[in-house]
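Below is one structure, written out as structure tokens; comments come after it.
Small disclaimer: the values here were computed from a predicted structure and weren't measured.
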Number of protein chains: 2
Amino acid sequence: MNSQAAPPLKRIADSTVRRLSLYLRFLEEFETAGLTTVSSDELAARGGTTSAQVRKDLSFFGSFGKRGLGYQVAELTQSMRRILGLERDWRVIIVGVGKIGAALAQFEGFQQRGFRVVGLYDSDPAKVGREIYHLPVRAIESLSEDNREQPVDIAVIAVPASAAQRVVDQVVAAGISGIMSFAPIQLHVPADVTLNTVNMAMELERLSFALSNRE
Amino acid sequence: MNSQAAPPLKRIADSTVRRLSLYLRFLEEFETAGLTTVSSDELAARGGTTSAQVRKDLSFFGSFGKRGLGYQVAELTQSMRRILGLERDWRVIIVGVGKIGAALAQFEGFQQRGFRVVGLYDSDPAKVGREIYHLPVRAIESLSEDNREQPVDIAVIAVPASAAQRVVDQVVAAGISGIMSFAPIQLHVPADVTLNTVNMAMELERLSFALSNRE
DNA sequence: TTATGTGAACGCATTCACAGCC
DNA sequence: GGCTGTGAATGCGTTCACATAA
């Protein structure tokens with residue numbers, strides 16, 4: 001088998017994708033450190049997993065190493081990027097410019113990986129028209145039209161729980177099919193829309209549970 | 001079996017704890033809506049899971065319903081709170097008062113569930129001494145002493161990736177054993193410290209992967 | 001009859017172990 | 001000899017199906 005990334009043959013587990021993301025970060029560190037070769041053992045040690053896990057994860061997408069030698073850092077880095085869809089830029093809007101939305105708007109992690117924030121939206125008339133970090137805040141009502149002119153790939157939802165489902169419906173109606181939500185509720189979207197939720201409340205409760213159940 | 005929450009007999013899956021968190025949110029909504037009784041089917045419909053899953057999740061902690069009738073909303077709500085460790089207050093500090101840290105400092109979700117932010121810390125001398133949302137920003141160096149006087153349960157890490165491990169080490173050295181990190185790197189802590197990481201970069205890449213691999 | 005609680009069956013992710021190649 | 005790639009074995013979370021109780 002060659003070293004190109006093949007399209008995944010079967011559905012990839014969420015846990016696998018999460019680890020690929022970690023591997024990419026480690027590989028970039030190795031690259032910065034000037035290393036040219038890395039083994040599955042070294043990648044595993046860094047990520048708190050096993051070498052077999054690393055090899056299995058990679059095997060879903062192809063064959064990237066050389067037996068007896070390991071992986072070429074630069075080559076594997078690039079493959080990870082391609083697999084994760086990071087070789088292109090993603091056009092992102094942030095809906096809801098409260099504290100969280102505003103913080104996200106200038107989150108370096110966005111820009112770094114090619115997630116370009118191209119628009120801010122809010123329903124508060126007091127905010128609409130103002131600029132935040134060099135980006136004008138627009139009314140959510142103009143979303144459909146804006147999206148026709150300059151299609152958006154991802155909408156980040158940073159509005160209160162009570163408004164979240166309504167906003168998501170508007171985003172979907174506007175034709176945007178990638179959503180990242182920070183609202184602490186369960187959202188519903190059509191099957192052709194990809195939704196990823198970071199629920200802070202849930203994460204806190206997970207920590208609370210863990211702390212309560214230690215011996 | 002009675003309706004009290006028993007201590008879990010075996011290790012509880014992460015996915016189970018996440019769902020308990022959802023159930024609690026739904027139960028609170030049902031309570032607000034004035035419902036007194038709920039079935040596993042109704043809870044499942046709301047959370048996008050199955051009734052068997054709901055019952056299995058609950059069964060790890062005891063027996064909470066009545067056959068043929070369902071669950072008492074108020075009673076089950078309280079049980080969920082107890083199980084998740086939400087019947088007490090948690091003393092929280094936020095380390096790193098950049099954009100994310102500042103946004104977190106006044107995140108309502110914290111207060112709402114009994115996570116009381118009692119301190120802010122930063123390494124930037126320009127920030128130390130100032131007040132943010134009525135809380136003074138202290139130097140990270142005073143953490144050990146502060147923690148002796150007023151023990152802290154949870155430290156929220158909101159510093160850049162490059163500083164995160166060092167800060168975590170300081171937090172651990174100060175005697176704090178619950179950590180919630182927002183730094184986009186893999187952190188290492190002793191076994192007796194509970195660490196929960198929200199990695200925004202990873203979540204974005206997960207979305208990017210999903211969007212790239214739709215047909 | 002209705003809906004819970006739970007052992008058993010199932011399916012999927014992880015781990016094992018070794019054949020294959022450098 | 002060293003390390004990858006991968007079928008097979010294992011372990012674990014989810015689903016099934018039914019006995020049990022209201």
Side-chain angles (χ1 to χ4, degrees), chain A residues 1-6 8-23 27 30 35-73 75-76 79-80 83 206 209, chain B residues 1-6 8-23 27 30 35-73 75-76 79-80 83 206 209:
Chain A
M1 207 180 252
N2 67 46
S3 68
Q4 291 303 308
L9 320 91
K10 52 172 202 165
R11 215 196 134 273
I12 302 298
D14 217 69
S15 46
T16 295
V17 180
R18 289 197 145 91
R19 282 190 299 269
L20 292 182
S21 197
L22 284 180
Y23 302 157
L27 284 166
F30 287 136
L35 297 180
T36 58
T37 288
V38 69
S39 69
S40 56
D41 247 326
E42 292 167 306
L43 274 173
R46 202 61 173 278
T49 181
T50 66
S51 62
Q53 181 75 80
V54 171
R55 294 197 300 276
K56 182 62 91 178
D57 286 339
L58 297 180
S59 76
F60 296 128
F61 302 93
S63 184
F64 304 94
K66 290 218 187 337
R67 292 168 199 238
L69 297 176
Y71 305 89
Q72 290 300 105
V73 172
E75 196 183 308
L76 188 56
S79 296
M80 291 293 98
I83 289 167
R206 225 154 61 75
F209 175 83
Chain B
M1 211 180 244
N2 67 47
S3 67
Q4 291 302 308
L9 319 92
K10 53 171 201 165
R11 215 196 134 274
I12 302 298
D14 215 69
S15 46
T16 294
V17 181
R18 289 198 145 91
R19 282 191 299 268
L20 292 182
S21 198
L22 284 180
Y23 302 158
L27 286 165
F30 286 137
L35 298 179
T36 58
T37 288
V38 70
S39 69
S40 55
D41 248 326
E42 292 166 306
L43 274 173
R46 202 61 172 279
T49 179
T50 67
S51 61
Q53 180 75 79
V54 172
R55 295 196 301 276
K56 181 64 87 179
D57 285 338
L58 297 180
S59 75
F60 295 128
F61 302 94
S63 182
F64 304 94
K66 291 218 186 337
R67 293 171 197 234
L69 298 175
Y71 304 89
Q72 291 300 107
V73 172
E75 199 183 306
L76 188 56
S79 296
M80 290 293 97
I83 290 166
R206 225 155 59 75
F209 176 84

**Fill in**
B:Phe60 atom CZ is separated from D:dG13 atom P, nearest whole Å, by 8 Å
**Asked** Between atom CG in A:Asp57 and atom C1' in C:dT15, what is the gap in whole Å?
**Response** 12 Å
**Request:** Would you indicate what A:Ser51 reaches in the nucleic acid, counting non-hydrogen atoms under 4.0 angstrom: base, sugar-phosphate, or nothing?
**Result:** nothing
**Prompt:** Does A:Gly68 or A:Ser15 map to a spot on DNA chain C nearer the 5' end, using the closest nucleotide for each?
**Reply:** A:Ser15
**Prompt:** D:dG5 phosphate, OP1 or OP2: any side-chain N/O from A:Arg55 under 4.0 angstrom?
**Reply:** no
**Interface with DNA chain D, restricted to residues 36-49 of chain B and to heavy atoms under 4.0 Å** = none
**Message:** Would you compute the distance between atom OG of A:Ser39 and atom CG of A:Leu69 and round it to the nearest 0.5 angstrom?
**Reply:** 11.0 Å
**Asked** How many angstroms lie between atom CG of A:Asp14 and atom CZ of B:Phe209, to the nearest 0.5 angstrom?
**Response** 9.5 Å
**Complete:** Testing D:dT15, D:dG13, C:dT14 for proximity to the side chain of B:Ala13, the answer is D:dG13
**Prompt:** Would you say D:dG5 has OP1 or OP2 under 4.0 Å from some side-chain N or O of A:Ser63?
**Reply:** yes
**Request:** Take atom NZ of A:Lys66 and atom C1' of C:dG20, then tell me their distance rounded to the nearest Å.
**Result:** 15 Å
**Item:** Distance in Å, B:Arg46 CZ paired with B:Phe30 CZ, rounded so as to fall on 0.5 Å steps
**Value:** 5.0 Å
**Request:** Could you tell me the separation between the NZ atom of A:Lys56 and the C1' atom of D:dT10, rounded to a whole number of Å?
**Result:** 13 Å
**Message:** I need the B:Asp57 CG to B:Leu22 CG distance, nearest 0.5 Å.
**Reply:** 10.0 Å
**Asked** Does B:Gln53 place a side-chain N or O at less than 4.0 Å from the phosphate oxygens OP1/OP2 of D:dT15?
**Response** yes
**Asked** How long is the line joining CG of B:Leu76 and P of C:dT4, in whole Å?
**Response** 11 Å
**Prompt:** Can you name the side chain to side chain donor-acceptor pair (under 3.5 Å) partners of B:Ser51, sequence neighbours left out?
**Reply:** B:Arg55
**Fill in**
note: B:Arg67, atom CZ; D:dA22, atom P; distance rounded to Å ~ 8 Å
**Item:** Point-to-point distance, once rounded to the nearest 0.5 Å, from CG of A:Leu43 to CG of A:Leu76
**Value:** 6.5 Å
**Asked** Rounded to the nearest Å, what distance is computed from the CG atom of residue B:Leu69 to the C1' atom of nucleotide D:dA22?
**Response** 6 Å
**Item:** OP1 or OP2 of C:dT2 under 4.0 Å from side-chain N/O of B:Tyr71
**Value:** no
**Item:** Between NZ on residue B:Lys66 and OG1 on residue B:Thr37, distance to nearest 0.5 Å
**Value:** 10.0 Å
**Prompt:** In whole angstrom, what separates B:Asp14's CG from D:dG13's P?
**Reply:** 10 Å
**Asked** OP1, OP2 of D:dT14 versus side-chain N and O of B:Arg19: anything below 4.0 Å?
**Response** yes
